[in-house]
Amino acid sequence: MNTSTRLGGFKVLKDVVWISLIHPKGDDRFPTAFSNLIAGEKINLPFLTSGDQNRAWGLNLVVDVPDAQKISDLIKSEFGDINLMTTRAAILSIFPHRSNPEIIGVLLDVLGKLGNQPIALANSPSAISAVLSEDVINEATNALFDPFQFGPYRTPADWKLAQKGKEKLYKEVVASYQEKKPKVYGLEWQEAQELLHVKLDSAHLGAMGAAFKDFAQLGLVLTFLISRPSKEKNKGNLFFCLPESDKHNYIGMIQKLLPQASTVEDPSVASFSMNGPHFGDRYGIIGELLMALDEARVELLGLSCSIHSITGVLPADQIHSAIEAIQGCFDVPSVIKKEV
């Protein structure tokens, strides 16, 4: 990708706290219990990822600063022995990425140059979001202007000038979820996907970015991406979906660039995505979804909630059960199957 690559823009949400936690193995309903705990306190979640690794769930989430200590205390009180970390942070979102792996690859290359920094990632159909520690967000936004162009903003100074007075507006998303059935603009789903799980050092984000650029060269579309926290310092886990293929060896492509990374492939999965008018508020909505999937005995493998969208991945043979469950708890005007 060259310096003429044009995107619509990017946003930064500051003054938030990033909480990462890993629950011990064996509790398949942990994400549901956690979501309902937060919903009971009417606390908004502008960002959440949830990933399963060997029956142990890991979550990355973002909350406003005033809610952080309350949530930490609730988690420790409710779930006891749990690995939990908190970091003052900001959310950087660039759009539109058009599910293009090359956009992700360039962003990872930019973030990899920040040094050994913990990073949380999530994608939606419209944008890719990264949660970064507060002390590197200015460096990260400045670095974006090297590989990308953002509409009328030719320089970081142009962008910062345009943001003056808008910081408060970005924070004024008031939770208003009160419908008995939350409204969805539409539900899209796609089968014939492979879920890849890569465990890597944060220092190797640039090399992982090169792998995504290689995927783009093959004309592939990225339908799902999240990160899951790790107990090991400066390590993380990426979960992402690519189309099933007899021609391409995805693991081999990754290991060629990252021979030290641990990589697992889970074939025959399906992904879904939906957005709605209150999805940016988060509280209560994720709990509704997870309870419905639990009751339908759907084995959710990963979940991403960012930029007013929810995306998920699950075994392919459970996608129709998942769609029925979603239709039972959400007002869904259309269901569209996207072809690979």
Side-chain angles (χ1 to χ4, degrees), residues 1-2 5-11 47-49 51 91-111 119-131 144 147-151 184-198 205 208-227 238-245 247-248 250 253-254 265-276 279 301-314 316 319 322-323 334-340:
M1 181 171 291
N2 57 44
T5 300
R6 183 176 291 273
L7 295 178
F10 68 96
K11 288 184 178 181
F47 179 100
L48 171 73
T49 66
I91 306 175
L92 169 65
S93 301
I94 64 174
F95 52 87
H97 68 49
R98 299 179 293 274
S99 300
N100 182 354
E102 191 168 12
I103 305 293
I104 310 294
V106 174
L107 178 62
L108 290 180
D109 187 43
V110 169
L111 298 180
I119 292 169
L121 296 164
N123 79 313
S124 74
S126 61
I128 176 75
S129 298
V131 183
L144 290 178
F148 297 122
Q149 290 184 13
F150 297 99
V184 177
Y185 291 132
L187 171 66
E188 295 183 345
W189 65 281
Q190 194 163 12
E191 57 186 358
Q193 301 287 297
E194 294 185 19
L195 177 63
L196 291 106
H197 168 208
V198 182
L205 283 175
M208 191 65 222
F212 280 107
K213 295 175 190 177
D214 288 345
F215 297 146
Q217 291 296 312
L218 298 176
L220 302 175
V221 173
L222 189 74
T223 59
F224 179 82
L225 181 142
I226 63 167
S227 65
L238 285 181
F239 292 77
F240 58 94
C241 284
L242 292 170
E244 285 186 321
S245 174
K247 296 190 301 180
H248 308 305
Y250 299 141
M253 293 173 67
I254 296 169
E265 192 172 31
D266 189 356
S268 299
V269 303
S271 61
F272 68 87
S273 66
M274 57 182 176
N275 56 29
F279 280 24
L301 303 175
L303 187 71
S304 166
C305 306
S306 65
I307 314 300
H308 306 285
S309 297
I310 295 177
T311 62
V313 61
L314 63 161
I319 185 63
I323 291 172
S334 66
V335 177
I336 300 172
K337 179 182 178 182
K338 297 185 68 176
E339 298 302 328
V340 178

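Keep in mind that the numbers below use all heavy atoms, side chains included, and drop hydrogens, waters and symmetry copies.
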Considering all heavy atoms, the nearest [X]-[Y] contact:
{"X": "Ala122", "Y": "Phe47", "result": "CB-CE1, 3.5 Å"}
{"X": "Glu265", "Y": "Tyr250", "result": "OE2-CD1, 3.9 Å"}
{"X": "Leu108", "Y": "Leu205", "result": "CB-O, 3.6 Å"}

Exercise for review: In sequence, state the C-alpha distance, the side-chain angles, and the governing distance for Leu144 and Leu92, and then conclude on side-chain contact (heavy atoms from CB on, under 4.5 Å).
Suggested key: CA-CA 10 Å; Leu144 290 178; Leu92 169 65; 3.8 Å; yes
From [X] [atom1] over to [Y] [atom2], what is the distance, rounded to the nearest 0.5 angstrom?
{"X": "Asn275", "Y": "His308", "atom1": "CG", "atom2": "NE2", "result": "9.0 Å"}
{"X": "Leu303", "Y": "Thr311", "atom1": "CG", "atom2": "OG1", "result": "7.0 Å"}
{"X": "Ser268", "Y": "Gln193", "atom1": "OG", "atom2": "CD", "result": "10.5 Å"}
{"X": "Ile323", "Y": "Phe272", "atom1": "CD1", "atom2": "CZ", "result": "9.5 Å"}
{"X": "Leu314", "Y": "Phe224", "atom1": "CG", "atom2": "CZ", "result": "10.0 Å"}
{"X": "Leu195", "Y": "Leu301", "atom1": "CG", "atom2": "CG", "result": "6.0 Å"}

**Study point:** Stepwise side-chain contact (heavy atoms from CB on, under 4.5 Å) check, Met253 with Leu218
**Key:** CA-CA 11 Å; Met253 293 173 67; Leu218 298 176; 3.7 Å; yes
Review point. With respect to Ile94, which candidate in Val106, Val110, Leu107 satisfies the side chain to side chain contact (heavy atoms under 4.5 Å, CB included) definition?
Key: Leu107
Exercise for review: Test Ser124 against every option in Ser99, Ser273, Ser306 by the side chain to side chain contact (heavy atoms under 4.5 Å, CB included) rule and name the one that passes.
Suggested key: Ser306
**Study point:** Check: Gly209 main-chain N/O paired with Asp109 side-chain donor or acceptor under 3.5 Å
**Key:** no
Review point. Would you find a donor on one side and an acceptor on the other, under 3.5 Å apart, between the side chain of Ser304 and the backbone of Asn123?
Key: yes
So do [Y] and [X] actually touch side chain to side chain, heavy atoms under 4.5 Å?
{"X": "Glu191", "Y": "Glu244", "result": "no"}
{"X": "Leu242", "Y": "His248", "result": "no"}
{"X": "Val269", "Y": "Cys241", "result": "yes"}
{"X": "Phe215", "Y": "Leu222", "result": "no"}
{"X": "Leu196", "Y": "Ile254", "result": "yes"}

Revision key, fill the gap. Side chain to side chain contact (heavy atoms under 4.5 Å, CB included) filter on Leu238, not counting sequence neighbours, yields Leu121, Leu200, Met208, Phe212, Ser227, Phe240
Exercise for review: Consider only side-chain N and O atoms of Ser129 and Ser93, and report whether a donor and an acceptor are under 3.5 Å apart.
Suggested key: yes
